[in-house]
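Have a look at the structure below, then the notes.
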Amino acid sequence: MKVFAHIFILVNYLLLSLSSTSQMTNEQRQAILLTRQLQLNHYNPRQVNDSLSSIIFTSFIKELDGQHDIFTTDDFKILSAYRYLLDDELNKGKWNFLPLVTKLYRQRMVRADSIAKTILQKPIDFSTDDKLVFTKENNDLYATDLKELVNKWTKWFKYIILSHAYNSLSSDSIKQNLASVLVKNEPAIREKIKKGHAKTIESILDPANFETGIKEIYFNAISTSFDPHSTYFSPQQKKDFQAELSTEEYSFGFEIDENKEGKIFIDLLIPGGPAWKTGEIHKNDELLQVQWKGEPPVDISAVTIEEVDELFEKPNHDELNITIKKQNGTVRTVALYKEKIETEESVVKGYLLTGNRKIGYISLPGFYTTWEDEKGSGCANDMAKEIIMMKKENPEGLILDLRYNGGGSLGEALQLCGIFIDEGPLAGIREKDGKVIYSKDPNRGTIYDGPLIVLVNNQSASASELVAATLQDYNRAVIVGSPTYGKATMQVVLPMDSTRKTQTNSPDGFVKITTGKLYRVSGLTIQCNGVIPDIIIPDAFDGLEYREKFMPQSIPADTTKKNNYYKPLSGLPVAPLMTSSQERIKNNPSFIQLQKGITMRTTELANKKTIIPLKPDMFEKWIKEKDAMLKEMDEKDETENKIFTADNYRQEKIRLHNNVYATDLNDAAIKSIQKDIYIQEAFQILDQLINLMKTK
């Protein structure tokens, strides 16, 4: 009887399970698939419990309403009832939260659209003594009622209009004050913001995409609750992501996007494109102004992103000057020409710096791909070719510039290390099983074994950090700059359905999962720590909390055993190099100015609150003080560089001959190199290193 009882219970359980599965919505089924893949494959899987539920809830709501101007206090109370219930839903419980949020968010976006239209249909009164307050955590309270919500939106639009007006003021050749520019340009700016906001709302509320969009944000909240680099991709997102780096026709080599403030920024740089080659333009730079040669400048604050796209698509090959604001606040104007971008062409470019001696300089701002699990696109091979070409010029040393290099392929990074290191282990990889396996130099021998400086900064991340760390551990190079980002994890892209063996087709989507952690041959990790340079130079990003250790749910640092086969070269004379560098920096007007700006900003950030006045005269005073501080932090030195002159190799000069567009881009790149105070300091460090090595 007991046997039959057990069979009866088992049959009932199976029937209940089938019934539960049949009642499950497609969204819940996908969410459970996603969670299962993360738990099965993630390096540091989390339990699906109340703690994870709270993290997902916070991340999701923040993504939907980061400014707290969509939901009200009452709305948040309704949603907060589910803060600790999402784990139950992911464990096949009732699926209520996502449908509720989707319905409520649609209603509140319609309300926000109505509020915005009402505010923007007539001139805004700037005479009141309003202030906009930003806190470090952006944890200002939700509006308690409609009146308070309208007031929030009004202040927000005041801030956006004043910001756009100031941008047009700063680009105007005739000196005016903000109040007069506002009188003249307010209608056009307000109309631009009105159009842009309406288009954004229309895009979000598009019936064909709305529910899918909310679902994808929710799935991303689930993914990033495990760590910041685990990400969900819909089938279309994965296809778009891979296609972004494909060959284009004539192009400036970048793509743009728009944020909530209506600011247009650089969203993607195409390797080898004109923007990439300048060395001046990077992802997330804000676009302020564009000007075709011989035509009046176009103030970006007064046009929509669609109109900017139309400007870039003009079928000509004239010079375009674009004015950008860097993430550290500095403003640059860069000249560009359209080019046909060929992905098979080597995009690694080297230069000769001639001063007391002849030095090679190669900048590598990226590894050509952001897919960490792929083999890469020949970045290391291109570097090897460039160094072979450079060696024909008989340089006495090399500066390898990895600043702003966000990383990419692990395989390419190991190959790159092998160019400079003869043999031996290069990096340890630990996966879920806990074993650390060291990857060796894939090729015996070196292509370059001379004096080497590697330049890094806070935005050097992932694979570029691995290269710097390995060369540092082997005493193969002197690392110069500021502490790097601190990402030492690996990701793979898997189909959501683990039964599928191919990644090319997965109707439920894909997930990029962190599956491993990297270790230095010394047993230490870059994770959260970054690479600490041998010689630290003040950096315009100092004090900004955006590195890995500040990211929510980042995997903590730890250590492992040192590799027994790791045999470093003789130590480099870092101490005298550091002493000399610190003395030069202490007496260099550009670095003095830079340090002053860093100190001012650090003091400002310590307050954890920014209060922005919204009356034109007060706003102008506030933003000019901010701009003056940021101007102090420009790494491009406008004074004459008496340390070296930059030029091309003989072979490159032949290639550039009679190519007007390529020559203009090249001249701009050379000018940028000569003005860069970090390259100037690296040149002097390398000069001293060569002298010390010769003496030794």
Side-chain angles (χ1 to χ4, degrees), residues 24-35 37-38 55-71 75-76 78-79 82 86 89-90 95-117 153 195-226 228-244 255-265 267-268 304-306 309 493 495-496 506-512 552:
M24 198 180 292
T25 66
N26 189 48
E27 287 77 14
Q28 184 176 16
R29 180 186 63 81
Q30 288 179 311
I32 291 170
L33 277 177
L34 172 62
T35 308
Q37 277 290 55
L38 286 160
I55 292 168
I56 295 170
F57 176 85
T58 301
S59 175
F60 183 44
I61 300 302
K62 184 177 181 180
E63 187 63 29
L64 290 177
D65 189 14
Q67 295 293 128
H68 293 183
D69 53 12
I70 304 297
F71 297 129
D75 296 330
F76 187 68
I78 292 169
L79 299 175
Y82 290 86
L86 306 186
E89 296 191 352
L90 295 173
W95 186 253
N96 295 322
F97 180 63
L98 187 59
L100 170 66
V101 175
T102 303
K103 180 180 179 181
L104 185 62
Y105 193 67
R106 181 188 282 113
Q107 294 170 350
R108 298 309 179 244
M109 288 302 293
V110 170
R111 179 175 68 186
D113 186 36
S114 175
I115 291 171
K117 285 176 179 175
W153 276 100
K195 281 183 186 176
H197 191 270
K199 199 166 189 67
T200 299
I201 297 287
E202 181 184 353
S203 175
I204 292 172
L205 292 174
D206 181 358
N209 303 312
F210 179 76
E211 290 188 6
T212 301
I214 301 301
K215 179 192 77 172
E216 289 171 359
I217 293 171
Y218 185 54
F219 285 4
N220 238 355
I222 294 173
S223 302
T224 56
S225 69
F226 281 70
H229 305 290
S230 293
T231 313
Y232 167 76
F233 290 110
S234 69
Q236 186 60 44
Q237 283 174 326
K238 180 173 183 283
K239 182 180 177 182
D240 292 345
F241 192 75
Q242 289 175 313
E244 281 179 341
E255 294 181 5
I256 58 174
D257 202 350
E258 188 173 21
N259 64 17
K260 187 174 180 179
E261 296 178 40
K263 293 178 180 178
I264 296 171
F265 61 93
D267 187 47
L268 172 77
T304 64
I305 190 169
E306 291 78 20
D309 277 327
V493 179
M496 286 258 281
S506 177
D508 290 315
F510 302 81
V511 56
K512 184 172 74 167

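From a predicted model like this one, the values you see are computed outputs, not experimental measurements.
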Q. Tell me, do Pro552 and Thr224 make a side-chain contact under 4.5 Å, heavy atoms counted?
A.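 A side-chain contact under 4.5 Å is absent here.
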At what distance, to the nearest 0.5 angstrom, does [atom1] of [X] lie from [atom2] of [Y]?
| X | Y | atom1 | atom2 | result |
| --- | --- | --- | --- | --- |
| Ile214 | Thr102 | CD1 | OG1 | 6.0 Å |
| Glu202 | Lys195 | CD | NZ | 13.5 Å |
| Leu98 | Lys215 | CG | NZ | 9.0 Å |
| Leu38 | Met496 | CG | CE | 9.0 Å |
| Met109 | Ile204 | CE | CD1 | 3.5 Å |
| Thr212 | Glu216 | OG1 | CD | 6.0 Å |

Please check this pair: side chain of [X] against backbone of [Y], looking for a donor-acceptor N/O pair closer than 3.5 Å.
| X | Y | answer |
| --- | --- | --- |
| Asn220 | Tyr232 | yes |
| Ser114 | Val110 | no |
| Arg111 | Phe71 | no |
| Glu89 | Gln28 | no |
| Ser59 | Ile56 | no |
| Gln37 | Pro495 | yes |

Q: Check the angle between the aromatic planes of Tyr105 and Phe210 and answer parallel, tilted or perpendicular using the 30° and 60° thresholds.
A: parallel
Q: Over 60° means perpendicular and under 30° means parallel, so classify the ring planes of Tyr82 and Phe97, tilted if in between.
A: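 Phe97 and Tyr82: tilted rings.
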Q) For Glu211, does the CD atom have more than 12 heavy-atom neighbours from other residues, nucleotides or ligands under 6.0 Å away? A)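 Check fails, neighbour count at 12 or below.
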Q. Is there a side chain to side chain contact (heavy atoms under 4.5 Å, CB included) between Phe76 and His68 once you walk through the steps?
A. CA-CA 10 Å; Phe76 187 68; His68 293 183; over 6 Å; no
(Q) As a test of understanding, state which of Asp69, Asp65, Asp75, Asp113 forms a salt bridge (Lys or Arg N to Asp or Glu O under 4.0 Å) with Arg108. (A)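 Of the listed options, the one satisfying the test is Asp75.
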**Q.** Exercise: identify the closest heavy-atom pair between His197 and Ala112
**A.**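 For His197 versus Ala112, the nearest heavy atoms are CE1-O, 4.2 Å.
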Q.
Could you report the tightest heavy-atom contact between Thr35 and Ile222, atom names first, then the distance?
A.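 For Thr35 versus Ile222, the nearest heavy atoms are OG1-CG2, 3.9 Å.
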Q.
With side chain to side chain contact (heavy atoms under 4.5 Å, CB included) as the criterion, how do Tyr218 and Leu64 come out once you've worked through the C-alpha distance, each side chain's angles and the decisive distance to 0.1 Å?
A. CA-CA 9 Å; Tyr218 185 54; Leu64 290 177; over 6 Å; no
(Q) For a side chain to side chain contact (heavy atoms under 4.5 Å, CB included) check, start with the C-alpha distance between Phe60 and Leu86, then their side-chain angles and the critical distance, and finish with the verdict. (A) CA-CA 11 Å; Phe60 183 44; Leu86 306 186; over 6 Å; no
